[in-house]
Amino acid sequence: MINVLPGRKKTIREIDVRGKRVLVRADFNVPLDEDGAIADDTRIRASLPTIRYLCERDARVILCSHLDRPPGEVVERLRLALVANQLSVLLDRPVLALQDCIGPEVESTVAGMSGGEIVLLENLRFHPEERADDPAFAESLARLAEIYVNDAFGASHRAHASIVGVPERLPAVAGFLLEKEVNTFAGILQDPERPFAAVIGGAKVSDKLEVLENIVSRVDLLLIGGGMAATFLASRGYGTGASHVETDRLDAVRRLEAKAKDLGVRLLLPRDVVIAKRLETGVPFRVAAATDIPDGQIIADIGPGTADEFCRELAGSKTVIWNGPMGVFEIPEFAEGTRRIAAALANLRGTTVVGGGSTADAVTRFGLAEDLTHVSTGGGAALTMLAGKPLPGVEALDDAEAP
Ligand code: ADP
Ligand code: MG
């Protein structure tokens, strides 16, 4: 059972899949490099437990996913054949890539499958009907199978046809990855081992306000870094140089600080920052007090004093959620703050969870992903859960039977 409120949802364990045609909505939206090759196959590997489970039970496994953002038509370099190849290597068995995701040819191929076979439908977003949650399109997908499994956590915040339309039409359950993701976030939000700390960074406070507003009432400690620290510093009346301040969010930030104070939550801003004239590699940079940022200078990272303080604070935590890098980690000069936090979490004896596309990318680049409890495969979906909002893809699944 999937441990999410409101209502518990059925998982793949609670349905008889033996010999059945099972449509699995996976999240194979992998990053591609300039040559069009898969740059990181984490999301493909994360889908393996569900696929293996189905194969072991002689199910006919029909996989589907989107890749990137094709404009509702075929884009040759976004065909899923490259994912099928990689899956086939990882599973050590054939995975047949189909040329489309719906239609008579797909139907006849699927009708001819034997137990344990795997096919991968073509990129769902080659059809504009996927994003539109078009009923006829959902019906065409549903017609291919007897059971629907959602294992696409990273797409479950979207009300698209393969996420919410298909489960209206078939018995619909959660796969192992979806279950693990949802239970991890639900678990730390509902019943964290304390002290519970959140580290929130990233470019803009406006992207994270809902998360901050939800999380402030659940954590004991809130550490703020990244570009959005500028708006917090400005809201306290400090000069922030040429850093981007979201002036339309100053009130919201002040309200958040007041709420933290009311609740007895310690909210820490950077005490020192790395500053530069431009966010580019090779530019001169230096450390400055966060209260004393000169004109024309931009906050690029938290400073070493802040990193020391944040790491010391985190060392006492039993649960940490981290969303948003501490600086512009893509530029080596400004990666140190993010690296220090990643290392602190990797060394922590407690539950450490990373949610957010860039943050996951950072910990993977530092080679520390394996040392954390959970690195989410979903960016937007993780933020949705951290904001305390339901995921349409989870809501659409069948309710578990009462125990
Ligand atoms: P996530 O994807 O993990 O949720 P965000 O999308 O909120 O994170 O933010 C990621 C981006 O924030 C990164 O590209 C990073 O370069 C940027 N960023 C971090 N610190 C700063 C800063 N001080 N100024 C500008 N951008 C920043
Ligand atoms: Mg992001």
Side-chain angles (χ1 to χ4, degrees), residues 1-15 17 22-29 43 46-47 50 62-66 124-125 129-191 210-211 213-215 217-218 321 323 353 355-357 374 376-403:
M1 263 184 286
I2 196 161
N3 188 9
V4 60
L5 296 177
R8 288 158 165 274
K9 296 294 181 179
K10 243 187 211 175
T11 76
I12 195 169
R13 282 187 215 89
E14 289 127 21
I15 195 162
V17 297
V22 180
L23 179 68
V24 181
R25 181 29 163 124
D27 177 13
F28 297 141
N29 185 27
R43 284 179 164 174
S47 74
T50 293
I62 306 156
L63 303 169
C64 66
S65 176
H66 75 284
L124 293 163
R125 290 202 195 164
E129 295 89 348
E130 161 66 355
R131 290 174 57 90
D133 185 21
D134 177 76
F137 181 75
E139 184 58 43
S140 303
L141 285 171
R143 197 180 300 143
L144 301 173
E146 298 155 275
I147 294 173
Y148 168 85
V149 175
N150 182 348
D151 216 19
F153 177 71
S156 288
H157 59 310
R158 306 277 188 213
H160 294 171
S162 66
I163 298 291
V164 297
V166 179
E168 279 175 22
R169 295 166 166 85
L170 288 175
V173 299
F176 295 118
L177 174 63
L178 183 70
E179 180 188 36
K180 180 173 155 210
E181 292 268 13
V182 170
N183 284 351
T184 298
F185 286 104
I188 61 169
L189 289 170
Q190 290 162 19
D191 189 21
E210 285 182 303
V211 171
E213 281 162 2
N214 182 45
I215 215 145
S217 59
R218 300 174 187 275
I321 173 69
N323 170 272
V353 179
H374 182 70
S376 179
T377 58
L383 288 179
T384 303
M385 284 208 74
L386 292 174
K389 294 191 295 188
L391 293 176
V394 172
E395 300 289 286
L397 300 177
D398 295 349
D399 291 328
E401 276 128 43

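As a basis for the values below, the full set of heavy atoms in this structure was taken, side chains included, without hydrogen atoms, waters or symmetry mates.
- One N or O on the side chain of Ser65 and one on the backbone of Phe28 form a donor-acceptor pair closer than 3.5 Å.
- Side-chain N/O atoms of Thr50 and Asp151 include a donor and acceptor closer than 3.5 Å.
- Using modelled atom types and a 3.5 Å distance limit, the side chains of Thr377 and Asp27 yield no donor-acceptor pair.
- Shortest non-hydrogen contact noted between Ala396 and Val164 is CB-CA, 4.1 Å.
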Using side-chain contact (heavy atoms from CB on, under 4.5 Å), reason through Lys10 and Glu401 one step at a time and then give a plain yes or no. CA-CA 8 Å; Lys10 243 187 211 175; Glu401 276 128 43; 3.0 Å; yes

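- Rounding to the nearest 0.5 Å gives a distance of 13.0 Å between CG of Leu178 and OG of Ser47.
- The minimum heavy-atom distance between Pro171 and Asp398, with the atom names listed, is CA-OD2, 3.4 Å.
- Distance CG/Leu391 to CD1/Ile163: 10.0 Å, rounded to 0.5 Å.
- Taking every heavy atom of both residues into account, Gly356 and Ala382 meet most closely at N-CB, 4.3 Å.
- The aromatic rings of His374 and Phe185 sit perpendicular, their planes meeting at an angle over 60°, well past the 30° parallel limit.
- Contact of the Ile147 side chain with the Ile15 side chain is registered, since non-hydrogen atoms from C-beta on lie closer than 4.5 Å.
- To the nearest 0.5 Å, atoms CD (Glu14) and OG1 (Thr11) are separated by 4.0 Å.
- Using modelled atom types, one finds a donor on one side chain and an acceptor on the other under 3.5 Å when comparing Arg25 with Ser162.
- Between the CZ atom in Phe153 and the OG1 atom in Thr184 there is a gap of 8.5 Å [rounded to 0.5 Å].
- Annotation: side chain of Met385 is in contact with side chain of Val182 (closest heavy-atom distance under 4.5 Å).
- Contact annotation: the side chain of Pro390 never approaches that of His157 to less than 4.5 Å [non-hydrogen atoms, C-beta and beyond].
- How far CG of Leu189 is from CG of Leu386: 6.0 Å, rounded to the nearest 0.5 Å.
- The two residues Arg43 and Gly378 come nearest to each other via the heavy atoms NH2-CA, 4.1 Å.
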Evaluate Asn323 against Val211 for side-chain contact (heavy atoms from CB on, under 4.5 Å), listing each step before the verdict. CA-CA 9 Å; Asn323 170 272; Val211 171; 5.7 Å; no

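- Between Asp133 and His160, the closest side-chain pair of non-hydrogen atoms is not below 4.5 Å.
- Nearest heavy atom pair, residue Gly355 against residue Ser376, reads CA-CB, 4.1 Å.
- Residues Arg131 and Arg158 are not in side-chain contact: their nearest non-hydrogen atoms beyond the backbone lie 4.5 Å or more apart.
- Under the 4.5 Å side-chain criterion, counting only non-hydrogen atoms from C-beta, Pro167 is not in contact with Asn150.
- Atoms CG and CG, on Leu23 and Leu141 in that order, are 6.5 Å from each other to the nearest 0.5 Å.
- More than 12 non-hydrogen atoms from other residues, nucleotides or ligands lie less than 6.0 angstrom from CD of Glu146.
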Show your working on side-chain contact (heavy atoms from CB on, under 4.5 Å) between Glu179 and Lys9 and close with a plain yes or no. CA-CA 9 Å; Glu179 180 188 36; Lys9 296 294 181 179; over 6 Å; no

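- For the pair Tyr148/Val24, no side-chain contact is recorded, criterion being any heavy-atom separation below 4.5 Å from C-beta on.
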